[in-house]
Trainee: 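Structure in structure tokens, see below.
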2 protein chains.
Amino acid sequence: MSEKVTILQVAERAGVSQSAVSRFFTPGASVSKKTADKVRMAAEDLGYRPNVLARAMASGRSRIIGLVVAYLENYFYPEALEKLSTALQAKGYHVLVFMASQTAGNIDQVMEEILDHQVDGIILASVAMSSDISARCQQLGVPVVLFNRAQDIEGIAAVTSDNRAGGRRVAEFLMAGGHQRIAYIAGWEGASTQRDREAAFREALSGAGRDLFARAVGNFSVEQAEQAARDMFSVPAGERPDAVFVANDHMAFAVMDVLRFELGLRIPEDVSVVGYDDVPPAAWRAYNLTTIRQRANLMVAETVRAMFEQIDTPDTASPCHVQIEAPLILRGSARIPDDWPTEG
Amino acid sequence: MSEKVTILQVAERAGVSQSAVSRFFTPGASVSKKTADKVRMAAEDLGYRPNVLARAMASGRSRIIGLVVAYLENYFYPEALEKLSTALQAKGYHVLVFMASQTAGNIDQVMEEILDHQVDGIILASVAMSSDISARCQQLGVPVVLFNRAQDIEGIAAVTSDNRAGGRRVAEFLMAGGHQRIAYIAGWEGASTQRDREAAFREALSGAGRDLFARAVGNFSVEQAEQAARDMFSVPAGERPDAVFVANDHMAFAVMDVLRFELGLRIPEDVSVVGYDDVPPAAWRAYNLTTIRQRANLMVAETVRAMFEQIDTPDTASPCHVQIEAPLILRGSARIPDDWPTEG
DNA sequence: CTGAAAGCGCTAACAT
DNA sequence: ATGTTAGCGCTTTCAG
């Protein structure tokens with residue numbers, strides 16, 4: 001097991017000082033070509049690579065971003081994680097993952113753990129935090145950005161899709177489609193995304209003088225969504241919804257399957273189904289789900305931007321809630337109004 | 001932005017030495033109750049938490065495991081990632097993610113990057129490495145375990161499902177089902193998993209005096225799998241396969257959709273489809289895919305075990321390739337032989 | 001541009 | 001059980 005080669009060895013071999021070597025490996029350096037050459041050679045010969053940990057320790061910047069995620073079962077998150085990690089890697093940063101599953105205790109504990117790692121920033125994906133912890137991060141100078149969740153804590157960055165606009169759009173679409181009995185299956189009611197989607201959806205309905213015909217809670221869980229669908233649709237034809245907006249795709253798939261395979265309903269002839277997220281399976285032909293697209297690329301880009309704005313200019317940064325436009329993707333699970341504008 | 005509180009401040013406040021505080025925060029400590037109390041109080045008052053980075057630096061153990069992943073689109077990986085991260089967290093370790101997407105350059109570069117982080121171990125998920133790098137890790141004393149990929153480098157730990165047994169099982173199942181024209185759609189041919197599945201599948205076929213009726217390559221890509229299915233099945237009924245084994249579920253869904261929605265074939269009446277992985281969507285009723293289950297829980301458990309075996313006892317550890325039994329999950333996408341043994 | 005020197009915050013012998 | 005003393009490998013003033 002060969003010794004780890006240190007900066008000191010390189011310095012000796014190159015016949016320069018330790019700091020010279022350090023400078024050589026520092027992007028914004030100021031090293032003469034001569035010194036640079038000597039260092040380069042010595043480093044190559046020795047197979048030297050700077051120790052990131054030591055560098056972090058000495059400089060106070062770890063170039064690590066803590067990411068806490070809760071639901072990888074919702075396929076929006078793996079996608080986001082991949083893009084996030086890639087984007088961060090491109091900037092020389094890396095992602096340290098913290099699962100916030102039930103087993104891991106509450107978020108605040110996880111946050112403490114993250115802070116222990118001297119991360120340069122924290123991204124909370126579909127996770128809310130106490131204002132206590134938020135304050136703690138702020139006083140520690142650690143930037144936080146919420147991904148796909150908003151929170152009413154001032155000065156905390158958040159990026160989501162425009163959930164309200166999305167919810168409204170679905171309502172308009174469903175009404176334009178001539179649906180008379182419009183239902184909603186909610187996600188976890190603690191989620192800001194769920195609340196915004198629903199609020200705007202209902203507002204648009206009542207704005208048109210209509211009421212929600214039925215409502216159930218699926219809690220972003222497949223099992224609960226199935227049960228909700230069963231309960232909601234196991235009634236005489238005249239009393240059953242002719243359209244249902246499901247708070248996310250993941251639940252929508254489950255709902256569709258109950259409707260088609262358990263209850264023998266046709267989609268969209270008997271009932272239109274609309275989801276939210278546009279995860280890849282929504283495009284699979286067996287589902288072909290009409291849904292609101294959360295543009296992962298843009299959301300990630302904004303998240304990264306918000307993060308580095310805070311890292312690079314902690315003083316002038318003004319964290320805010322950015323909402324990415326969320327288009328309705330027309331597919332086959334919901335009747336399309338004749339006069340509905342098509343893209344292009 | 002409040003100062004970070006250090007071990008020294010705690011020591012002063014508690015009226016003990018720095019090392020006493022250090023010991024207090026070290027699991028296998030030896031501190032008198034008296035000292036412990038003083039330290040606990042001081043630490044609490046100050047809101048002190050040990051700096052993980054400094055600890056890593058001084059002790060030489062970072063308690064970080066580098067994970068490199070390539071395809072998060074295959075839903076087997078998010079699942080594995082989640083379980084892995086959770087399992088590691090439970091042991092006080094954390095996962096530093098490295099995406100090995102095309103953009104990130106080749107694996108060897110990524111590996112160097114990981115090594116720079118002084119990780120205590122590396123897990124390679126569905127990624128192969130050069131024997132050069134393998135050697136480098138070994139001489140650096142950094143344990144590596146391959147997840148869902150095996151490699152013929154001696155002394156390197158790998159955990160996979162029993163791909164050969166799985167492939168064989170599918171062949172037997174399909175033959176027992178009376179299929180006459182059995183086809184195979186391959187994954188990326190560089191993957192050991194793909195090769196093992198196919199090899200055993202074909203061996204079982206030829207062992208029964210049968211030949212593969214058709215073969216195409218899907219490269220673990222949805223688009224290529226679709227094209228493969230089109231090419232393979234766009235022929236007169238008598239010349240088309242009556243069963244197809246697809247190298248993973250992800251491609252199998254695409255194949256099913258082409259067969260059903262483009263070519264109007266019935267599954268399993270006209271053609272049986274079998275996949276590999278048993279990712280969650282395989283159980284969704286719109287697919288209801290008969291498939292070989294990769295038991296993520298067990299695979300992760302073995303991966304973690306192999307990792308810590310090497311971390312805890314670097315000398316006696318004997319890395320090997322462990323293969324997890326992979327049961328055939330009977331669903332509706334393939335005809336079930338009358339005499340096929342059922343579980344229980 | 002370069003080198004000397006002082007840490008970053010903590011652990012790990014070693015003595016006591 | 002506790003304190004003392006060296007570092008871990010690197011960055012960063014500060015002189016020159």
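Model, not experiment: these values are computed from the prediction. Residue numbering restarts at 1 for every chain, and letters A, B, ... go by the order of the sequence lines. Note that these values count all heavy atoms, side chains included, but never hydrogens, waters or copies made by symmetry.
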Trainee: Of all residues at least two apart in sequence or in a different chain, which pass the salt bridge (Lys or Arg N to Asp or Glu O under 4.0 Å) check with B/Glu82?
Mentor: none
Trainee: Using five pairs at either end of the helix from C/dC1-D/dG16 to C/dT16-D/dA1, determine the angle between the two local helix axes and round it to 10 degrees.
Mentor: 30°
Trainee: Applying side-chain hydrogen bond (donor to acceptor under 3.5 Å, both in side chains) as the test, list every pair that has at least one member in residues 44-53 of chain A; sequence neighbours left out.
Mentor: A/Arg13-A/Asp45, A/Arg49-B/Asp116
Trainee: Quick one: list whatever passes side chain to side chain contact (heavy atoms under 4.5 Å, CB included) with B/Lys38, sequence neighbours left out.
Mentor: B/Ala14, B/Val16
Trainee: Show me the donor-acceptor pairs within less than 3.5 Å that the side chains of residues 55-71 of chain B make with the rest of the protein, sequence neighbours left out.
Mentor:
from	atom 1	to	atom 2	distance (Å)
B/Arg55	NH2	B/Phe25	O	3.3
B/Ser59	OG	B/Arg55	O	2.8
B/Ser59	OG	B/Arg61	N	3.2
B/Ser59	OG	B/Arg61	O	3.4
B/Arg61	NH2	B/Tyr93	OH	3.0
B/Ser62	OG	B/Ile64	N	3.3
B/Ser62	OG	B/Gln118	O	2.8
B/Ser62	OG	B/Asp120	OD1	3.4
B/Arg63	NH1	B/Lys91	O	3.4

Trainee: Taking only residues two or more places apart in sequence, or in another chain, which ones meet B/Phe76 in a side chain to side chain contact (heavy atoms under 4.5 Å, CB included)?
Mentor: B/Asn74, B/Phe147, B/Asn148, B/Asp277, B/Val279, B/Gln294, B/Ala296, B/Met299
Trainee: Which pairs, with at least one residue in residues 64-77 of chain B and sequence neighbours excluded, count as a salt bridge (charged side-chain N to carboxylate O under 4.0 Å, His left out)?
Mentor: none
Trainee: Hey, where on DNA chain C does chain A first and last touch, going 5' to 3'? Cut-off is any atom under 4.0 Å from a heavy atom.
Mentor: C/dC1 to C/dG9
Trainee: Which residue pairs pass the salt bridge (charged side-chain N to carboxylate O under 4.0 Å, His left out) test with at least one member in residues 140-156 of chain A, sequence neighbours excluded?
Mentor: none
Trainee: Less than 4.0 Å between a side-chain N and a carboxylate O, is that true for B/Asp132 and B/Arg136?
Mentor: no
Trainee: Could you tell me which residues satisfy side chain to side chain contact (heavy atoms under 4.5 Å, CB included) with B/Ser131, sequence neighbours excluded, listed by chain and number?
Mentor: B/Ile153
Trainee: What is the per-nucleotide protein-contact pattern of nucleotides 8-16 of chain D, from the 5' end, where B denotes a base atom under 4.0 Å from a protein heavy atom, S denotes such proximity for sugar-phosphate atoms only, and - denotes neither?
Mentor: BBBBBB---
Trainee: Indicate every side-chain donor-acceptor pair of residues 313-320 of chain A with a distance under 3.5 Å to a residue at least two apart or in another chain.
Mentor:
from	atom 1	to	atom 2	distance (Å)
A/Thr313	OG1	A/Glu309	O	2.9
A/Thr313	OG1	A/Thr316	OG1	3.2

